Structure formats: structure tokens, C-alpha cells
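In what follows, a structure is listed as C-alpha cells, so that the remarks can point back to it.
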2 protein chains.
Amino acid sequence: MKELPPLPKSELEIARIVWRLQEATVREIVEELANDREADFWTVQTYLRRLANKGYLKVRKEGRTNIYAPAVDLEGVISQVFEETVERLFDGKMLPAFQQLVNSRDLTESDIDELQTLLNGLKAERKRKRGKSK
Amino acid sequence: MKELPPLPKSELEIARIVWRLQEATVREIVEELANDREADFWTVQTYLRRLANKGYLKVRKEGRTNIYAPAVDLEGVISQVFEETVERLFDGKMLPAFQQLVNSRDLTESDIDELQTLLNGLKAERKRKRGKSK
DNA sequence: CCTTTTAACGTACATTTGAACGTAATCTAT
DNA sequence: ATAGATTACGTTCAAATGTACGTTAAAAGG
């Protein structure tokens with residue numbers, strides 16, 4: 001995915017709501033936010049316009065109301081932002097990031113089992129790929 | 001750890017160098033940075049002053065030169081910043097963050113084994129704790 | 001058709017962040 | 001002792017970010 005302009009915290013928060021709703025008006029997003037925090041209609045509207053200008057969202061008009069929808073893939077954006085953080089905090093190294101992730105939580109054995117299952121699946125996938133490439 | 005003011009990218013970059021060197025002058029940090037990027041003495045100096053004012057670093061003077069040293073624990077700061085990101089991108093959920101971490105890398109089998117070993121150790125630790133609490 | 005309500009666009013403002021300088025003071029070299 | 005080099009502090013500036021409003025226009029209601 002082409003790298004888009006930086007995505008500050010509040011814009012990311014708004015963008016994630018649009019991704020979750022798949023499309024939304026300003027009013028709908030304001031209502032969604034009201035559950036967590038107070039946000040003026042005008043503020044949200046500005047964020048949405050900035051996101052559209054940056055290329056994260058696309059807009060179509062219905063009557064006088066703008067409908068905002070994702071213009072890029074959520075996974076790609078999350079990946080980009082997260083990797084930048086891992087790079088910045090851990091020089092991109094997975095192990096310390098992973099340690100930070102698990103050590104800061106009270107994991108149950110079943111949580112751990114779930115992670116191990118994931119890793120086993122990854123391992124099997126690597127084996128399959130290697131088998132095929134030989 | 002008491003929550004300190006936000007730590008922007010460039011300040012974090014400088015702070016990590018101080019943590020690595022354990023203590024440093026402006027000049028030493030500028031030299032350290034020169035390997036990666038161009039940075040004016042004045043710019044680094046400003047960042048260091050901001051970090052000290054925010055409580056991340058402490059300062060002592062030797063002659064006319066300030067020596068900067070960490071005032072808080074690196075782990076605590078990394079944890080705070082990383083957790084904020086996981087909260088923001090994944091609503092604090094470990095599994096999607098973990099998936100993002102491993103799926104964006106070409107992990108070898110030995111990488112995966114290393115992660116498994118870590119998780120096994122964690123599991124054993126959980127068992128020991130539970131045993132003791134009974 | 002007129003009035004009221006509400007949304008969009010352009011714009012404004014404060015703070016934060018990235019980046020840097022000017023002057024005074026201190027240290028080093030001669 | 002003086003000149004040159006270098007550092008600190010206070011300050012400055014631009015861009016980014018967080019937040020919000022005013023006027024115009026469109027839709028809804030009467």
C-alpha cells in the first residue's frame with residue numbers, strides 16, 4: 001500500500017469507526033463516539049475532511065449529507081502504524097516487542113495455549129512452503 | 001510509574017540514546033545521531049531540555065557542560081508508549097497485535113521455537129504461582 | 001412557499017512537535 | 001590576558017495536531 005500521510009491519534013480513532021461501520025455520516029460517528037467521549041460535530045467533521053484529503057477515506061454525497069467510507073484497507077494502515085512503533089521502540093525486533101506484549105498482561109494458560117496454537121500453525125505453514133520450494 | 005507527559009517521536013529517539021549511553025552530553029548524542037541522520041547541536045539540545053523538563057531525564061553540570069541521565073526506567077516508558085499503541089490499534093487486545101507482529105515478518109522455524117520457549121516459560125511460571133497460592 | 005433545522009466548506013485558534021538561532025558565559029589554546 | 005571555540009538558556013518559527021466556529025446551502029416541517 002502506498003504510504004499515506006501521517007495519521008495522528010484522533011484521526012485514527014475516527015477512521016477506525018468508519019472502518020467498523022463501513023460507511024458513515026458525521027452524525028453517526030458523533031453518536032458512536034458519545035459512548036466514549038464528548039466530541040463536537042464540528043470537530044469530527046474536520047477530522048473526516050482531513051482523512052478524506054489524506055486519502056484514507058472517500059466521500060459521496062446523499063442530498064446535502066456526506067457519506068464517508070474507507071478508501072484504503074484497514075489492515076494495511078494498522079500494519080504501517082504498528083510497525084513504525086515497533087521500529088521506534090524496539091528497532092524493529094520482534095522478540096522484545098513480544099515480551100512487552102505478554103509480560104504486561106495477566107495471561108491465563110488458555111491465552112498462552114492460543115498463542116502457541118497460532119505459532120504451531122505458522123510453523124506448519126513454513127514447512128509447507130519450504131516443502132513446495134524444494 | 002507515574003504517567004509523564006507525551007513523548008513525541010524525536011524526543012523518544014533522543015531519550016533512547018541517553019538510556020543506551022546511561023549518561024551523555026549534547027555533543028555525544030549529536031555524534032551518536034550522526035550515524036543515522038543529520039541533527040543540529042541546537043536541535044538536540046532543545047529536545048534534551050524538553051525531556052528534562054518533562055521528567056524523563058535529569059541534569060547535572062560539569063564545568064559548563066550539562067550531563068543528561070535517565071530519570072525514569074526505560075522499561076516503564078517503553079511499556080507505556082507501546083501499550084497506548086496496542087490500545088489504540090487493537091483496543092488493547094493481545095491476539096491481533098501478536099498476529100500483526102508475526103505475520104509481518106519472515107519468521108524462521110528457530111524464531112518460532114524461540115517464541116514457543118518463551119511461552120512455555122511463562123506457562124510454567126503461571127503454574128508455579130498457582131501452586132503457591134493454593 | 002416560508003421558516004427552521006442541520007450539514008458542509010472554509011476558516012480560525014491554541015497547543016504540540018520538529019527544528020533552529022542569538023547572546024552570554026565558560027572553557028581551551030595561544 | 002586575550003582570542004577563539006563551544007555550550008546553555010531563552011527564545012523563535014513553521015508545521016502538525018486538537019478543537020471548534022460562521023456563513024451558506026440544502027433538506028424537512030408547517
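Quick note on labels: first sequence line is chain A, next is B, and so on, each numbered from 1. Fair warning: this is a prediction, and the values are worked out from it, not measured in the lab.
- Annotation: salt bridge (Lys or Arg N to Asp or Glu O under 4.0 Å) contacts involving residues 99-113 of chain A, sequence neighbours excluded, comprise A/Arg105-B/Glu83, A/Glu109-B/Lys127, A/Glu109-B/Arg130, A/Asp113-B/Lys123.
- For the pair B/Arg27 and D/dT7, the criterion of a side-chain N or O lying under 4.0 Å from OP1 or OP2 is met.
- As a whole-Å value, the separation of B/Leu48 CG from C/dA20 P is 15 Å.
- For the pair B/Ile67 CD1 and C/dC27 C1', the interatomic distance rounds to 14 Å; values are reported in whole Å.
- In this entry the distance linking NZ of B/Lys9 with P of D/dA15 reads 17 Å, nearest Å.
- Computed from coordinates, the B/Arg60 CZ to D/dT7 P distance equals 16 Å when rounded to whole Å.
- For B/Arg16, the side chain to side chain contact (heavy atoms under 4.5 Å, CB included) partners at least two apart in sequence or on another chain are A/Asp91, B/Leu12, B/Trp19.
- The salt bridge (Lys or Arg N to Asp or Glu O under 4.0 Å) pairs that include a residue from residues 45-57 of chain A are A/Glu11-A/Lys54, where partners are two or more places apart or lie in different chains.
- Evaluation of the ring pair (Phe, Tyr, Trp, His ring centres under 6.0 Å) test over residues 70-90 of chain B, restricted to residues two or more places apart or in two chains, returns A/Phe82-B/Phe82, A/Phe82-B/Phe90, A/Phe90-B/Phe82.
- Here the P atom of nucleotide C/dA19 and the CG atom of B/Leu33 are 11 Å apart, to the nearest Å.
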Report, as a single string ordered 5' to 3', how protein heavy atoms within less than 4.0 Å touch nucleotides 19-27 of chain D: B base, S sugar-phosphate only, - not at all.
BBBB---BS

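- The salt bridge (Lys or Arg N to Asp or Glu O under 4.0 Å) contacts involving residues 61-71 of chain B comprise B/Arg60-B/Glu62, where partners must be two or more places apart or lie in separate chains.
- Looking at which nucleotide of DNA chain C each of A/Phe41 and B/Lys54 is closest to, the 5′-most match is held by A/Phe41.
- Between the side chain of A/Glu28 and the backbone N or O of A/Thr25, at least one donor-acceptor pair lies under 3.5 Å.
- Straight-line distance from the CD atom of A/Glu28 to the C1' atom of C/dT6: 15 Å, rounded to whole Å.
- Distance alone, capped at 3.5 Å, places no donor-acceptor pair between the A/Arg88 side chain and the B/Glu13 backbone.
- Rounded to whole Å, atom C1' of C/dT16 lies 16 Å from atom CG of B/Leu12.
- D/dT17 atom P lies 14 Å from atom CG of A/Asn53, rounded to whole Å.
- The phosphate of D/dC9 has OP1 or OP2 within less than 4.0 Å of a side-chain N or O from B/Lys61.
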